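Numbers here are sequence positions counted from 1. For clarity, every value in this text was computed on a predicted model and none was experimentally measured.
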Amino acid sequence: MNLLENEQILKITDQYQQLSGRDKLLTQFLSVFVIICIAFFFIYKPSVDAKNAAQLKFTQTQKIYRDIQKIVPQILQARINASNAAKTSQSSINNKNKSMTAMVNDSSKKFSIQISKSSADGSNGISISGNDQEFDKLIRFMGDLNTTYGLNIDTYNIKETLNPGKVDYNIKVTR
C-alpha cells in the first residue's frame with residue numbers, strides 16, 4: 001500500500017492545500033521547528049553530554065596521573081631506604097667479626113680502587129687515601145662500604161686531578 005494512497009494522508013494533504021498562504025507558511029515553520037527540536041534532543045544534546053562526560057573523565061584521569069607522578073618517587077625512595085637499612089643491618093651482622101681494614105680492602109678490590117695510604121684512626125675508624133682514581137668507581141666504592149659492609153663514611157675529601165674523570169681522595173670510615 002502506497003503511503004500517499006492512505007485516506008488519512010490524503011485528508012491531511014487536502015486540508016493543507018486549503019490553508020491560506022500565511023497558514024501554510026506557519027505550518028512549514030512549525031514543521032521545521034519540530035524537526036530541529038527532535039534533532040537537538042535526540043542527536044546534538046546526547047553527543048554534547050557524552051563529550052562533556054568524556055572530558056570530565058579525562059581531566060580526572062590526568063589529575064590521578066599527576067598525583068601518582070608525585071607519589072611514586074617518594075614510595076621508591078622509601079623502598080630503597082628500607083632495603084638499604086635491611087642490607088646494612090644484615091651486612092653488619094655478617095661482617096661483625098671482620099676487621100674494618102679487611103672490609104675496605106675487599107670493597108676496593110671489587111671496584112679496582114687503589115689505596116695508597118691506610119691508617120687506623122683510633123679504635124672506631126680507619127682513614128684511607130688514594131690518587132688518580134676514577135670518580136665513578138670511587139663513588140660506587142663508598143656506597144658499597146655502607147650497603148654491603150655496614151660502614152659509615154664519616155668524612156671525605158675528593159679533589160679533581162688534571163686527568164679528566166680522575167680524582168684524589170681522603171676518606172674516614174667508621175663502624
Exercise. Hey, any chance Val48 and Ile36 share a hydrophobic cluster, counting ILVMFWY side chains that come within less than 4.5 Å of each other, even indirectly?
Worked result: no
Problem set entry | Euclidean distance, Ile38 CD1 relative to Ile43 CD1, rounded to 0.5 Å | 9.5 Å
Exercise. With the 4.5 Å side-chain cut-off for hydrophobic clustering, are Ile158 and Ile153 part of the same group?
Worked result: yes
For this session: Inspect the surroundings of OH in Tyr44 and state if more than 12 heavy atoms from other residues, nucleotides or ligands are less than 6.0 Å away.
Result: no
Exercise. At what distance, to the nearest 0.5 angstrom, does OG1 of Thr101 lie from CD1 of Ile126?
Worked result: 3.5 Å
For this session: Inspect the surroundings of CD in Glu160 and state if more than 12 heavy atoms from other residues, nucleotides or ligands are less than 6.0 Å away.
Result: no
Exercise. Any idea which heavy atoms bring Ser116 and Gly130 closest together, and the distance?
Worked result: OG-CA, 3.4 Å
For this session: Indicate yes or no for a side-chain donor-acceptor contact from Asn146 to the backbone of Leu151 under 3.5 Å, with no hydrogens or angles considered.
Result: yes
Exercise. Quick check: does any side chain N or O of Gln133 sit under 3.5 Å from a backbone N or O of Gln114, one acting as donor and the other as acceptor?
Worked result: yes
Problem set entry | Interatomic spacing from CZ in Arg140 to OG in Ser112 - rounded to 0.5 Å | 9.5 Å
Exercise. Is the count of non-hydrogen atoms from other residues, nucleotides or ligands lying under 6.0 Å from Lys110 atom NZ greater than 12?
Worked result: yes
For this session: Take atom CZ of Phe111 as the centre, draw a 6.0 Å sphere, and report whether it contains more than 12 heavy atoms from other residues, nucleotides or ligands.
Result: yes
For this session: Output, in order, the C-alpha distance, side-chain angles, deciding distance and verdict of side-chain contact (heavy atoms from CB on, under 4.5 Å) for Val104 and Phe141.
Result: CA-CA 9 Å; Val104 169; Phe141 163 69; 4.1 Å; yes
For this session: Show your reasoning for whether side-chain contact (heavy atoms from CB on, under 4.5 Å) applies to Leu56 and Asn52.
Result: CA-CA 6 Å; Leu56 179 63; Asn52 289 341; over 6 Å; no
For this session: Examine distances only and state if a side-chain atom of Ser107 and a backbone atom of Met103 form a donor-acceptor pair shorter than 3.5 Å.
Result: no
Exercise. Would a 4.5 Å heavy-atom cut-off, applied to side chains only, mark Asn170 and Ser127 as touching?
Worked result: no
Problem set entry | Side chains of Ile128 and Ile113 in contact at under 4.5 Å (non-hydrogen atoms) | no
Problem set entry | Greater than 12 external heavy atoms within 6.0 Å of Gln62's CD | yes
Problem set entry | Crowding at OH, Tyr156 (>12 non-hydrogen neighbours, <6.0 Å) | no
For this session: Quick one: pull up OG1 in Thr27 and CG in Leu19 and give me the separation to the nearest 0.5 Å.
Result: 5.0 Å
For this session: Evaluate whether atom NZ of Lys109 has more than 12 neighbouring non-hydrogen atoms of other residues, nucleotides or ligands under 6.0 angstrom away.
Result: no
For this session: Look up atom CG in Asp23 and atom CD in Gln15, then write down how far apart they are to the nearest 0.5 Å.
Result: 12.0 Å
Problem set entry | Lys63 and Asp67 ion-paired at < 4.0 Å | yes
Problem set entry | Atom pair CG/OG of Leu25 and Ser20 - distance to nearest 0.5 Å | 9.5 Å
For this session: Report the C-alpha distance between Tyr149 and Val173 in whole Å, list the side-chain angles of each, state the deciding distance to 0.1 Å, and finish with yes or no for side-chain contact (heavy atoms from CB on, under 4.5 Å).
Result: CA-CA 11 Å; Tyr149 299 100; Val173 182; over 6 Å; no
Problem set entry | Partner of Tyr169 under side chain to side chain contact (heavy atoms under 4.5 Å, CB included), chosen from Asn157, Ile115, Asn131 | Ile115
Problem set entry | N/O donor-acceptor pair under 3.5 Å between Thr161 side chain and Asp132 backbone | no
Problem set entry | Leu26 reachable from Phe33 in the ILVMFWY side-chain graph, under 4.5 Å edges | no
